[in-house]
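Written out below as structure tokens is the structure these notes cover.
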There are 2 protein chains.
Amino acid sequence: MKSYGQYCSVAKTLDLVGDRWTLLIVRELLLRGPIRYTDLRGGLPGIATNLLADRLRALEAAGVVAREEPGPPIATTLFRLTPRGEELREALEALGRWGIPLMVPGPAAGDAFRAPWLAFPAEQFLADRRPDGPPVRIEVRTAEGAIVIESREGRIQTLPGTTEKPDAVLSGKSHAVLGLLTGRVDLPAAESMGLRCEGDRAVLRRLLPKPIATAPEPAPKLSS
Amino acid sequence: MKSYGQYCSVAKTLDLVGDRWTLLIVRELLLRGPIRYTDLRGGLPGIATNLLADRLRALEAAGVVAREEPGPPIATTLFRLTPRGEELREALEALGRWGIPLMVPGPAAGDAFRAPWLAFPAEQFLADRRPDGPPVRIEVRTAEGAIVIESREGRIQTLPGTTEKPDAVLSGKSHAVLGLLTGRVDLPAAESMGLRCEGDRAVLRRLLPKPIATAPEPAPKLSS
DNA sequence: CCGCATCCGGGGCGATACTG
DNA sequence: CAGTATCGCCCCGGATGCGG
């Protein structure tokens, strides 16, 4: 994209990561770590393959992404964030926080969903009420994949995929899971939305936010 | 722009503010407050006037911007952020922080500059070492306008424009001012870059960051 | 003047096909 | 698997016009 030509740190940032799709590529790399081109495509439904290649080249030139060619055992290329790219996490989190109210009405018709996208809300809204307790892991399953939410020593972390012997398992539609994770609805309400919960419910109560008396923010008008 | 069609809060945010120029429009509204269309254009060198009108309409529909028609004394329209729009400040600040290293090499050939753009670095890097002291104001003048940096009760604020009886006045090139405000260079070094300083230098020492032993971050490669 | 609307060229973007 | 090639289309950029 053409530079904005402005000596301003916001404009300079957008010169590098303001292109369409670019910040979503960074999102995937933040959430899923070193990843193959094809898996990256899978996490970015809708992107054109030439655009993905273009963006990866530009991000590499900008020092945000590094390309890694592992040795003989692995015959593929991995893309990962550089330390400088990792520093975009704060900005991505801020943008994601701002977007939470936009998720309340539920997915629009035709919206894609991937389980790792739950990681931002999870790390943002969950907190361990017993930070000194033993580590716990909750597995979250949706039709489009699973993530594991782990709390150890008071820190919440998420990993894509599943785990053995989770303390609890949540499964259901993305909208119901999200309502629960953001504290917008409580567990019984989420279950009435189709969420299923197995395992130790005390572990859930330990991590889940207190449901908030919803602010009177009106549903944003749909446009575009 | 077309929606990404992803049920993810980052993607939903970018659906609303990810268009080219949109976040820079929000930047101007954050830094300069309610403002006329023409002045907005002046703060966004390079934007096409039809794009500005399009973006303002879209931001209005998204609930980020409100249009205000003052009464008879004023015969113009003012654009301002809604409270929801103000909430984008954190995201803009995070993006601006990430871009500070990109400012170190100085403006690229042909880069535009406006004094209010210094506000993000100023509020980010300055801190009052004597929060209980009397309020102080520093006026910063460049060829492209001036801002006032004010500290009262330990809080740093910036306003576009000038003020009467500032405690100190800094004037010079944007690059020198920025180096000083971010703590990359100290006052003597900035003066050797052409910065001029009048008034109470103790006030400057009270607010300026301690110059940092510069991290060994190499200058980012230029590309575009 | 201020706040746009219209027109038009060029390029970024989207979808599909194809390849080492 | 990791891209390149190709081809419309629409968004963007720049200029001009125009009603209030």
Side-chain angles (χ1 to χ4, degrees), chain A residues 1-6 11 14-25 28-29 32 34-61 65-80 110 112 223-224, chain B residues 1-6 11 14-25 28-29 32 34-61 65-80 110 112 223-224:
Chain A
M1 170 185 310
K2 215 176 104 183
S3 163
Y4 286 106
Q6 298 186 357
L14 294 177
D15 280 346
L16 296 186
V17 300
D19 270 349
R20 187 159 165 81
W21 289 108
T22 300
L23 282 174
L24 294 186
I25 294 171
E28 287 302 303
L29 294 169
R32 319 210 336 193
I35 188 176
R36 294 179 303 174
Y37 185 91
T38 307
D39 294 334
L40 203 44
R41 269 193 71 181
L44 294 163
I47 197 174
T49 175
N50 57 344
L51 270 194
L52 179 53
D54 282 354
R55 296 293 183 266
L56 286 171
R57 260 192 301 270
L59 286 170
E60 210 181 343
V65 162
R67 190 178 299 247
E68 188 183 337
E69 314 264 3
I74 313 174
T76 184
T77 314
L78 290 181
F79 296 89
R80 64 161 70 225
S223 78
S224 134
Chain B
M1 171 184 312
K2 216 176 104 182
S3 163
Y4 286 107
Q6 298 186 356
L14 294 177
D15 280 347
L16 296 186
V17 300
D19 269 350
R20 187 159 165 82
W21 288 107
T22 300
L23 282 175
L24 295 186
I25 294 171
E28 287 301 304
L29 294 168
R32 317 212 331 192
I35 188 176
R36 292 179 304 174
Y37 185 91
T38 307
D39 294 333
L40 203 43
R41 268 193 72 181
L44 294 164
I47 198 174
T49 174
N50 56 344
L51 269 194
L52 179 54
D54 283 352
R55 296 294 183 264
L56 286 171
R57 259 192 304 270
L59 286 170
E60 208 181 345
V65 161
R67 189 180 299 249
E68 188 183 336
E69 314 265 2
I74 313 174
T76 184
T77 315
L78 289 181
F79 296 89
R80 63 160 70 222
S223 79
S224 127

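In what follows, chains are A, B, ... by sequence order, proteins preceding strands, each numbered from 1.
Among the protein residues, Thr77(B) comes within range of the sugar-phosphate backbone only, with heavy atoms under 4.0 Å from sugar or phosphate atoms but none that close to a base.
The separation between Ile25(A) atom CD1 and dC13(C) atom P is 11 Å, rounded to whole Å. In this structure, Phe79(B) atom CZ and dC4(C) atom C1' are separated by 9 Å, rounded to whole Å. Remark: C1' of dG12(C) and CG of Asp15(A) are 16 Å apart, rounded to the nearest angstrom. For the pair Leu78(A) CG and dC1(D) P, the computed distance is 13 Å after rounding to whole Å. If you take OH of Tyr37(A) and C1' of dT19(C), they are 13 Å apart, rounded to a whole angstrom. Following rounding to the nearest Å, Leu56(A) (CG) and dG3(D) (C1') show an atom-to-atom distance of 10 Å. One interatomic measurement links the two molecules: CG of Leu59(B) to P of dC4(C), which rounds to 13 Å at whole-angstrom precision. Here dC1(C) presents its P atom at 12 Å from CZ of Arg36(B), a figure rounded to the nearest Å.
Of the residues listed (Leu40(B), Leu51(B), Thr77(B), Thr22(B)), the one engaging Leu56(B) in a side-chain contact (heavy atoms from CB on, under 4.5 Å) is Leu40(B), and it is the only one.
Val65(A) places none of its side-chain heavy atoms less than 4.5 Å from the side chain of Ile25(A). The shortest side-chain heavy-atom distance between Asp15(A) and Tyr4(A) falls under the 4.5 Å cut-off. Looking only at side-chain heavy atoms (C-beta outward), Arg36(A) and Leu78(A) come within less than 4.5 Å of each other.
In this structure, the separation between CG on Leu29(B) and CG on Leu24(B) is 11.0 Å, given to the nearest 0.5 Å. The structure places CD of Gln6(B) at 6.0 Å from CG of Leu44(A), a figure rounded to the nearest 0.5 Å. Distance check: Leu23(A) CG to Glu28(A) CD gives 12.5 Å after rounding to the nearest 0.5 Å.
Between the side chain of Arg32(B) and the backbone N or O of Asp39(B), at least one donor-acceptor pair lies under 3.5 Å.
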Q.
Pairs counted only when both distances fall under 3.5 Å, Watson-Crick or G-U: show me the 5' to 3' dot-bracket for DNA chain C, [ ] for pseudoknotted crossings and | for other-strand partners.
A. ||||||||||||||||||||
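Note: Phe79(B) and Tyr37(B) have tilted aromatic rings, judged against thresholds of 30 and 60 degrees for the angle between ring planes.
Between Arg41(B) and dC1(C), a side-chain N or O to OP1/OP2 separation shorter than 4.0 Å is absent. An OP1 or OP2 oxygen of dG3(C) is reached within less than 4.0 angstrom by a side-chain nitrogen or oxygen of Thr76(B).
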Could you list all N or O pairs between the protein and nucleotides 9-13 of chain D that sit under 3.5 Å apart?
residue, atom, partner, partner atom, Å
dC12(D), OP1, Arg55(B), NH2, 2.7
dC12(D), OP2, Arg55(B), NH2, 2.9
dG13(D), OP1, Arg20(B), NE, 2.4
dG13(D), OP1, Arg20(B), NH2, 3.0
dG13(D), OP2, Trp21(B), NE1, 2.9

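Side-chain atoms of Thr38(B) stay outside donor-acceptor range of the base of dG3(C), with no qualifying N/O pair under 3.5 Å.
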